[in-house]
Amino acid sequence: MNRVFNFSAGPAILPQKVLEQARDEMLDWNGSGMSVMEMSHRGKEYLSIAAKAEADLRELMSIPDNYKVLFLQGGASSQFAMVPINLLGDKTSADYLLTGQWSKKAIAEAKRYCDVNVIADTSDTNFTTIPAEETLKFNPDAAYVHYTPNETIVGVEFPYIPDTGDIPLVADMSSTILSRQIDVSKFGLIYAGAQKNIGPAGLTIVIIREDLLGKAKSNMPAMFDYKIHVDNDSMYNTPPTYSWYLAGLVFAWLKEKGGLPAMEAINQKKADKLYAAIDASDFYSSPVEKSCRSWMKVPFVLANADLDAKFLEGAAKQKLHSLKGHRSVGGMRASIYNAMPVEGVDVLIDFMATFEKNNA
Ligand SMILES: *Cc1c(COP(=O)(O)O)cnc(C)c1O
């Protein structure tokens, strides 16, 4: 077998143990004589898989009882529309924090449904900073406040959770969910595409406080109404059954590893090491302000961009895969999600040092 250290931004690396278990269960899940892919989503086997995945996620994140968990399709990008469709109610505006390419897309979509107040905008720093907490001023009439705790393209992360008082806080956690402990009760709604830190593409998780349900207008598509999905236990139509099952295997794996406190410690260690290596050298640098560097996404540039191709070629020989930065930013970007072992980061740091010695 020839597995690489996969630093892909998403779809991203999955725990090898999870893939092995899926392989072992591929043709015959638990004596059912079927693959999970072939099962009715309404049969008792699949219902047990679905229920266990939800229970494990609730346990991992300590999700309070007054929150519903949905397993949907459509990606985080569909949530850019579902959030305003479902949360506006009688209100006509929402507050958004613009801190990168994903919040920009969320804002563009929300503008189809309401007046968007962009109450913070870090575009003047090329999205390498996060607004200071005390500068945020929320509009009392806003139906909700939307932000992106971790922006994947430049690699910034909020070092705080905005305190919006009574206004529901909505977070696109696609690239940070499950990376550490969070207090779910501070949020009205959390959503995340699965393909970064949860499981395979095709699944989207939504965690919503119950009192926010039931406000979608009746002329909106049923598939875009959270209440309909809640009333049908995410089975209003056929859910992404296999992705949901694999997410369940990832949740069980996380529990076995010690849950989110353990992941938090490992993730901080991986990020700290990599940033320390970047900061210790003049050959590499990080464009992101230190106070808001992402644990999950570590972008760095070589002082001499002419060496980028050579760097990537040499990295590939060490099985270090998918380090090329986003096309809009250039340089390198290491995505170090939960499934990236510490060893992968160590191999990357060693390679960076050797490459610097040979090319500085
Ligand atoms: C990757 C990512 C997305 C994209 O989500 P899709 O599931 O592809 O629609 C949205 N937001 C953030 C923060 C992301 O990291």
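Whatever order the structure lists ligands and atoms in, that order sets their numbers, starting from 1. Starting from 1, each residue takes its place in the sequence as its number.
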How long is the span from the [atom1] atom in [X] to the [atom2] atom in [Y], to the nearest 0.5 Å?
X	Y	atom1	atom2	answer
Phe80	Arg112	CZ	CZ	12.5 Å
Met332	Ser322	CE	OG	12.5 Å
Asp115	Asn139	CG	CG	10.5 Å

**Prompt:** Are any side-chain N or O atoms of Thr148 and backbone N or O atoms of Asn150, one a donor and one an acceptor, separated by less than 3.5 Å?
**Reply:** no
**Item:** Charged N-O contact under 4.0 Å between Lys105 and Asp172
**Value:** no
**Request:** Please confirm whether Gln195 comes within less than 3.5 Å of ligand 1 when only nitrogen or oxygen atoms on both sides are compared.
**Result:** yes
For ligand 1, which atoms, with element, lie under 4.0 Å from some heavy atom of [X]?
X	result
Asn150	13 (C)
Ser175	13 (C), 15 (O)
Thr148	13 (C)
Thr152	14 (C), 15 (O)
Gly75	7 (O), 9 (O)

**Message:** Please verify the inter-ring angle class for His146 with Tyr191; under 30° counts as parallel, over 60° as perpendicular, anything in between as tilted.
**Reply:** tilted
**Prompt:** Which word best sums up how the rings of Tyr160 and Phe158 line up, parallel for under 30°, tilted for 30 to 60°, or perpendicular for over 60°?
**Reply:** perpendicular
**Prompt:** Under a heavy-atom criterion of less than 4.0 Å, does Glu151 contact ligand 1?
**Reply:** no
**Request:** Mark the output for Thr204 as yes if a heavy-atom distance to ligand 1 is under 4.0 Å, and as no if none is.
**Result:** no
Of the protein's non-hydrogen atoms, which lies at the shortest distance from [atom], and what is that distance?
atom	value
atom 9 (O) of ligand 1	Ser77 OG, 2.6 Å
atom 13 (C) of ligand 1	Asp172 OD2, 3.3 Å
atom 4 (C) of ligand 1	Trp102 CH2, 3.3 Å
atom 5 (O) of ligand 1	Ala76 CB, 3.4 Å

**Request:** Pick one of side chain, backbone, both or neither for how Lys196 approaches ligand 1, counting any non-hydrogen atom pair under 4.0 Å.
**Result:** side chain
**Message:** Under 3.5 Å, is there a donor on one side chain and an acceptor on the other for Asn86 and Lys227?
**Reply:** no
**Prompt:** With a 3.5 Å cut-off and no angle check, do the side chains of Glu356 and Ser281 form a donor-acceptor pair?
**Reply:** yes
